[in-house]
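Worksheet: one structure, shown below.
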2 protein chains.
Amino acid sequence: MPQGRPMRADARRNYERLLTVAAEAFAEHGENASLDDIAKRAGVGAGTLYRHFPTRQDLLEAAYVDRMQAMADRAGEFAARLPPGEALTEWLHEVCVGTIQVRGMKALLGSAVSDGGSAADTVCGTRLKDAARRLVEAAQRDGSLRPDIEPIEVLRLAHGVASASELAGGRGHEIRRYLTLLTEGLRPAAGA
Amino acid sequence: MPQGRPMRADARRNYERLLTVAAEAFAEHGENASLDDIAKRAGVGAGTLYRHFPTRQDLLEAAYVDRMQAMADRAGEFAARLPPGEALTEWLHEVCVGTIQVRGMKALLGSAVSDGGSAADTVCGTRLKDAARRLVEAAQRDGSLRPDIEPIEVLRLAHGVASASELAGGRGHEIRRYLTLLTEGLRPAAGA
DNA sequence: ACCTGAACACCGTTCAAGT
DNA sequence: ACCTGAACACCGTTCAAGT
């Protein structure tokens, strides 16, 4: 996106208004927020929205790429000040919380880690998986995480924890509780 | 539904064709299958569909109530021939598999165990939770399940496992794998 | 009592016409 | 090069008219 000629001033303005409005709309109404409504609220024609973002997924990703990046960055912070096992757990907790609070983010996480997912190798997905890989590998070297699990699986399971927590009401209490169950299951076998 | 006057012959026929077609459509296209399409394929006007099933949720539940009941019944079979811990695990496995294979069932399970869920106290939901309660309590008495967990939570977590497995491709292999992680987390604490 | 299907509102998507 | 908004197709929902 930063590549290529700079946008014309009006195009750039529309592009950014669309992103702002879309982030609000997806946060409020979830991933199926009305595109027509987003265009209207941004004060542009529907065609303009489609010119910038050919698919809903494109818009969803562009609207949250910064927040996703911020999530990925948090991994480094945890790694710097916590033992590997705890760093992974705390980071996953943030992923779950963020994913539940900002309605649209869960869809984005889902498509980033989904098997045939369209967002599998986008900026969002790649950064998130890189972050997960570092925490996972450190925890495995440390012996606090079972060795037979892959980074992407940890993210899929976090998505599952978020789903279960949502069903329970999505309060912080349940997220922590269900995540703890997961991390206990992720421990290496007792006799290893 | 079985209460009240018997339906007129044409009404009864339409009702049943709608259920058959709806079960197919939800299985194929998921919970958001087109209602208009369902009415057309059943050979009835849209108004007839709404007369019998005022909301999408009503139709979804009616279409799968038998299958849900069958799932609940399986709990008794497992309880009869397996130790409590295994009976619970194997039943949850069937719930996950069924929930993934029949696309609309996952939505139904979700609303049955969701906090403010519309289907929280419907036939489907109640039977499923009763079945879960028996297996959970037996496993807790047996010492193979941590005592601080409730039946509905087990179902929510199964929904989460199904979500994670779907992201991984939904093949039997992943379901079993993720469910195993969950059950290890559900074990009582080592020093208890 | 029940059914039909037209009618309305809404949304996604495309595209000809504008600047 | 980019934008607009009308146009089309589709879907959910209601309701007047039919039997």
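If you're wondering where the values come from, they're calculated on a predicted model, not measured in any experiment. Throughout, a chain's letter reflects where its sequence line sits, starting with A, and its residues are numbered from 1. We use all heavy atoms of the structure for the numbers below, so side chains are in, but hydrogens, waters and symmetry mates are not.
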For the pair made of [atom1] in [X] and [atom2] in [N], what is the distance, rounded to whole Å?
| X | N | atom1 | atom2 | answer |
| --- | --- | --- | --- | --- |
| A:L49 | C:dT13 | CG | P | 10 Å |
| B:L60 | D:dG12 | CG | P | 14 Å |
| A:F53 | C:dG12 | CZ | C1' | 17 Å |
| A:R51 | D:dC2 | CZ | P | 6 Å |
| B:L59 | D:dT13 | CG | P | 11 Å |
| B:Q57 | D:dT13 | CD | P | 13 Å |
| B:R17 | C:dC3 | CZ | P | 13 Å |

Verify the contact: side-chain N or O of A:N14 to OP1 or OP2 of D:dC2, cut-off strictly under 4.0 Å; return yes or no.
->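 False: A:N14 side-chain N/O out of range (4.0 Å or more) of D:dC2 OP1/OP2.
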Would you say C:dC2 has OP1 or OP2 under 4.0 Å from some side-chain N or O of B:H52?
->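 Answer is no, no contact under 4.0 Å.
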Does a donor on one side chain and an acceptor on the other come within less than 3.5 Å for B:D36 and B:S34?
->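 On atom types as modelled, these side chains do not qualify, holding no pair under 3.5 Å.
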Residues from residues 29-48 of chain A lying under 4.0 Å of DNA chain C - heavy atoms |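 The answer is A:A33, A:S34, A:L35, A:D36, A:A46, A:G47.
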Describe the nucleic acid contact of A:R56 in one word from base, sugar-phosphate, nothing, applying a heavy-atom distance below 4.0 Å.
->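 A:R56: backbone/sugar contact only, no base atoms under 4.0 Å.
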B:L108 side chain reached by B:Q57 side chain, heavy atoms, under 4.5 Å =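 Yes. Closest side-chain heavy atoms under 4.5 Å.
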With no hydrogens and no angle check, is any side-chain donor or acceptor of B:N14 less than 3.5 Å from a backbone partner on B:A11?
->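 Judged by distance alone, no pair lies under 3.5 Å.
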Is B:F26 linked to B:V21 within one hydrophobic cluster, defined over Ile, Leu, Val, Met, Phe, Trp and Tyr using a side-chain heavy-atom separation of less than 4.5 Å?
->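 The answer is yes; both residues are in one hydrophobic cluster.
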